[in-house]
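When reading the values below, keep in mind they use all heavy atoms of this one structure, side chains included, and skip hydrogens, waters and symmetry mates. Proteins come first, then strands; the chains are lettered A, B, ... in the order of their sequence lines, and each starts at number 1. It should be emphasised that the depicted structure is a prediction, and the values quoted were computed from it without experimental measurement.
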Number of protein chains: 2
Amino acid sequence: MRSLPHPDVQEIALDQVLSALADPIRRVIVSQLAGGHDDQACIAFDLPVTKSTSTHHFRVLREAGIISQRYRGTAILNCLRDEELAERFPGLLDAVLAAEGSEVQGTTATAAAARRL
Amino acid sequence: MRSLPHPDVQEIALDQVLSALADPIRRVIVSQLAGGHDDQACIAFDLPVTKSTSTHHFRVLREAGIISQRYRGTAILNCLRDEELAERFPGLLDAVLAAEGSEVQGTTATAAAARRL
DNA sequence: CTCGTAGTACGGTGACCCTCGTACTATCCG
DNA sequence: CGGATAGTACGAGGGTCACCGTACTACGAG
């Protein structure tokens with residue numbers, strides 16, 4: 001079985017977390033994971049990029065400590081490390097998710113950000 | 001009098017806010033502004049970069065909607081737009097500031113948590 | 001008016017990041 | 001075994017960013 005390196009809770013760096021969440025595609029992934037559907041394979045995400053770019057984004061999220069990944073067959077199950085993240089940086093993930101959710105609703109800035117891809 | 005463009009509250013984009021806060025130098029600026037000392041000139045910040053780079057960082061923060069700047073003589077007064085930011089993205093700035101504060105203690109945040117707070 | 005201070009504009013450099021295509025590995029199914 | 005599926009490795013290209021030095025502008029003090 002292949003294994004994937006994950007940072008320890010204490011090793012999670014604010015720098016990496018914020019950089020990871022600064023990318024719209026990665027926020028889509030995180031939002032979808034937070035939206036009740038944990039344990040999704042990478043293929044389950046409808047991302048506007050190719051497979052290799054998806055791999056890249058998932059790795060960035062994993063190395064930042066935001067998600068955990070484990071193999072099941074050829075697929076990978078992705079989980080949000082929400083509890084550990086809340087322990088390390090309380091309220092941060094919730095605030096970003098809420099912000100992401102509220103921004104998707106209304107204003108013009110989101111549309112521009114989405115089309116930019 | 002020169003004037004500086006600031007985004008409206010509704011125009012503040014999560015993308016720009018997170019990107020701006022992803023840089024350690026800019027988080028130092030924000031933390032210092034949040035630490036009671038509002039209305040500081042750019043020169044008051046002891047940043048490990050040259051003047052031109054400082055200008056760059058302050059502009060990024062202003063264009064992201066995180067700080068406001070207004071002239072007073074040759075100097076610029078910098079203010080955190082904390083209330084507007086809390087209105088747009090509730091809890092986000094607080095979470096980042098708290099995370100920044102806790103992380104400064106060192107990568108093993110457990111032992112040193114009680115020192116400064 | 002002249003000087004000093006605070007900050008900006010501009011150009012350049014090196015690094016990093018997002019993106020992709022192609023080739024590859026690992027696992028499951030028939 | 002052979003094929004299909006899920007994801008990785010690798011390298012390249014294009015864009016953006018942080019950083020700097022130098023030259024410049026705006027304002028206040030003397």
- Message: Quiz question: by atom type and distance under 3.5 Å, do the side chains of A:Thr50 and A:Thr53 form a donor-acceptor pair?
- Response: yes
- Message: I'd like to know if the side chain of B:Asn78 pairs up with that of B:Gln69 as donor and acceptor (distance under 3.5 Å, no hydrogens or angles considered).
- Response: yes
Which pair of non-hydrogen atoms, one from [X] and one from [Y], has the smallest distance, and what is that distance?
| X | Y | value |
| --- | --- | --- |
| B:Ser19 | B:Arg26 | O-NH2, 3.3 Å |
| B:Asp8 | B:Arg81 | C-NH2, 4.3 Å |
| A:Ile29 | A:Phe45 | O-CE2, 3.7 Å |
| B:Gly65 | B:Leu85 | O-CD1, 3.9 Å |

- Item | Any residue meeting ring pair (Phe, Tyr, Trp, His ring centres under 6.0 Å) with B:Phe89, in chain and number order, not counting sequence neighbours | none
- Give a yes or no on whether a donor-acceptor pair under 3.5 Å exists between the nucleobase atoms of D:dG7, that is its base, and the side chain of A:Thr55. no
d([atom1], [X]; [atom2], [N]) in whole Å:
| X | N | atom1 | atom2 | answer |
| --- | --- | --- | --- | --- |
| B:Asp15 | C:dC17 | CG | C1' | 14 Å |
| A:Gln40 | D:dA6 | CD | C1' | 15 Å |
| A:Leu4 | D:dG7 | CG | P | 11 Å |
| A:Leu47 | C:dT19 | CG | C1' | 13 Å |
| A:Arg27 | C:dC18 | CZ | C1' | 15 Å |
| A:Phe58 | D:dT8 | CZ | C1' | 14 Å |
| A:Leu18 | C:dC16 | CG | P | 19 Å |

- Under 3.5 Å donor-acceptor, A:Glu103 side chain and B:Leu14 backbone: yes
- Message: Strictly below 4.0 Å: does B:Arg59 bring a side-chain N or O up to OP1 or OP2 of C:dG7?
- Response: no
- Item | Atom pair CG/CG of B:Leu21 and B:Leu93 - distance to nearest 0.5 Å | 7.0 Å
Contacts under 3.5 Å, N or O only, protein and nucleotides 1-6 of chain C:
{"unit_1": "C:dA6", "atom_1": "O4'", "unit_2": "B:Thr74", "atom_2": "OG1", "d": "2.9"}

N/O to N/O distances under 3.5 Å, protein versus nucleotides 16-19 of chain D:
{"unit_1": "D:dA18", "atom_1": "OP1", "unit_2": "B:Arg26", "atom_2": "NH1", "d": "3.0"}
{"unit_1": "D:dA18", "atom_1": "OP1", "unit_2": "B:Arg26", "atom_2": "NH2", "d": "2.7"}
{"unit_1": "D:dA18", "atom_1": "OP2", "unit_2": "B:His56", "atom_2": "NE2", "d": "2.5"}
{"unit_1": "D:dC19", "atom_1": "OP2", "unit_2": "B:His57", "atom_2": "NE2", "d": "2.4"}

